[in-house]
Amino acid sequence: MPELPEVEVVRRGLERWVAGRTVAEVEVLHPRAVRRHLAGGADFALRLRGQRIGTARRRGKYLWLPLEGEPLAVLGHLGMSGQLLVQPEAAPDEKHLRVRLRFTDSISGSAAGGPGTELRFVDQRTFGGLSLHDTTPDGLPDVIAHIARDPLDEAFDDAAFHTALRLRRTTIKRALLDQSLISGVGNIYADEALWRSRLHYDRPTANLTRPRSTELLGHVRDVMNAALAVGGTSFDSLYVNVNGESGYFDRSLDAYGREGEPCGRCGTAMRRRPWMNRSSYFCPRCQRPPRITA
DNA sequence: CAAGGCTCCTGATAGC
DNA sequence: TGCTATCAGGAGCCTT
């Protein structure tokens with residue numbers, strides 16, 4: 001379940017292993033993987049061929065590869081189960097391989113960045129995908145103009161975020177997952193940040209004080225940076241799996257997936273509640289529900 | 001227009 | 001043993 005830290009690890013891997021390479025051939029093996037490319041898989045492949053890849057960028061959980069010399073970018077989202085793998089061309093196809101990009105340097109077997117390697121988009125549940133889009137003057141793919149900056153972005157505006165929370169008539173976890181308010185936070189890190197902040201997921205945003213929202217934002221950043229610290233090293237090895245597995249999930253989670261286990265602060269059994277077709281994990285003692293439920 | 005709910009998808013797992 | 005039900009959930013899209 002890639003969230004911002006995992007996607008950032010992938011971005012770094014792409015920066016190292018794909019930037020500067022020229023696309024030789026694109027193979028779309030599943031139409032759903034390019035469904036956001038409205039002109040279809042053949043058009044996607046045709047237009048990408050021959051393009052030189054620039055430095056990978058990211059906003060929230062979206063990442064994109066700018067194409068050098070053109071206001072175009074390959075936009076990617078990993079969805080639930082997506083992976084971007086840099087693999088030797090000789091490696092057998094993954095079961096859920098959806099898109100393959102070969103590079104001009106692969107065939108000749110030279111060049112920095114991985115002679116003989118190709119880029120593969122692998123995605124079991126096909127919630128993710130790749131597509132080609134025009135970019136705005138600041139380099140953002142036009143279709144993600146509505147995605148807010150993420151909390152690790154230097155230009156993220158903490159004060160504006162607080163103001164937006166106060167103006168919204170919604171609850172705090174909904175707001176954290178609203179990518180037009182703050183991007184990059186998914187179900188797991190939302191629960192983690194709320195637990196650290198001692199905030200119940202159903203608390204209204206309208207009466208959050210400035211100190212509370214500041215503390216929450218700090219915990220969001222802490223959780224993400226911790227995950228990044230764990231996952232940020234894996235892409236450095238010889239055989240790269242640019243897949244964003246942080247390893248953070250198994251070890252360091254205080255809330256998510258811990259139903260029935262003791263709260264790390266007070267020892268009370270953690271609870272799980274169905275919430276928006278998914279789950280919320282929380283400590284019933286540290287994270288008291290609001291008096292009036294919305 | 002804001003807010004909330006529905007839906008896409010596949011595989012692991014639980015239950016009978 | 002083998003079937004069915006449930007769960008995982010990002011985000012576009014639709015309804016209210």
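Everything quoted here is computed from the prediction, not taken from an experiment. Values below: every heavy atom of this structure, side chains too, minus hydrogens, waters and symmetry copies. Residue numbers begin at 1 in each chain, while the letters A, B, ... track the order of the sequences.
The side chain of Arg32(A) approaches dC8(B) more closely than any other nucleotide in the set dG10(C), dG11(B), dC8(B). Nearest nucleotide to the Arg36(A) side chain, out of dC8(B), dG12(C), dG10(C): dG12(C). Nearest nucleotide to the side chain of Arg174(A), out of dG4(B), dG12(C), dC9(B): dG4(B).
If you measure from atom CD1 of Ile172(A) to atom P of dG4(B), you get 13 Å, rounded to the nearest angstrom. Between the CD1 atom of Ile144(A) and the C1' atom of dG12(C) there is a distance of 14 Å, rounded to whole Å. Between Asp178(A) atom CG and dC1(B) atom P there is a gap of 16 Å when expressed in whole angstrom units. If you measure from atom CG of Leu63(A) to atom P of dG10(C), you get 16 Å, rounded to the nearest angstrom. Between Asp123(A) atom CG and dA8(C) atom P there is a gap of 19 Å when expressed in whole angstrom units. In this structure, Gln124(A) atom CD and dA8(C) atom C1' are separated by 10 Å, rounded to whole Å. Rounded to whole Å, atom C1' of dT10(B) lies 17 Å from atom CD of Glu94(A). Regarding Asp202(A), its CG atom lies at a distance of 10 Å from the P atom of dG4(B), rounded to whole Å.
With respect to Arg258(A) and Asp254(A), no salt bridge is recorded, no charged nitrogen being found less than 4.0 Å from a carboxylate O. Taking a cutoff of 4.0 Å between a charged side-chain nitrogen and a carboxylate oxygen, Arg273(A) and Asp202(A) do not qualify as a salt bridge. In this structure, Arg11(A) pairs ionically with Glu8(A), as a charged nitrogen and a carboxylate oxygen lie closer than 4.0 Å. Salt-bridge formation is detected for the pair Asp150(A)/Arg58(A): a Lys NZ or Arg NE/NH1/NH2 atom is positioned less than 4.0 Å from an Asp or Glu carboxylate oxygen.
Residue-level contact check: Ser279(A) touches the backbone only, with heavy atoms under 4.0 Å from sugar-phosphate atoms and none from bases. If you check every strand for non-hydrogen atoms under 4.0 Å, His30(A) touches nothing.
Remark: Tyr62(A) is in phosphate contact with dG12(C), judged by side-chain N or O atoms under 4.0 Å from OP1 or OP2. In terms of phosphate contacts, Thr170(A) brings a side-chain nitrogen or oxygen within less than 4.0 Å of OP1 or OP2 of dG4(B). For the pair Arg272(A) and dA8(C), the criterion of a side-chain N or O lying under 4.0 Å from OP1 or OP2 is met. Of the side-chain N and O atoms in Arg278(A), one or more sit less than 4.0 angstrom from OP1 or OP2 of dG10(C). An OP1 or OP2 oxygen of dG9(C) is reached within less than 4.0 angstrom by no side-chain nitrogen or oxygen of Asn277(A). The phosphate of dG11(B) (OP1 or OP2) has a side-chain N or O of His96(A) nearer than 4.0 angstrom. Between Lys95(A) and the phosphate of dT10(B), there is no side-chain N or O to OP1/OP2 separation shorter than 4.0 Å.
Arg125(A) contributes no side-chain N or O that forms a donor-acceptor pair with the base of dG10(C) under 3.5 Å. Judged by distance alone with a 3.5 Å cut-off, no donor-acceptor contact links the side chain of Arg168(A) to the base of dA2(B).
A distance-only check finds a donor-acceptor pair linking the side chain of Gln179(A) to the backbone of Leu177(A) [under 3.5 Å].
No side-chain N or O of Gln83(A) forms a donor-acceptor pair with one of Glu94(A) less than 3.5 Å apart.
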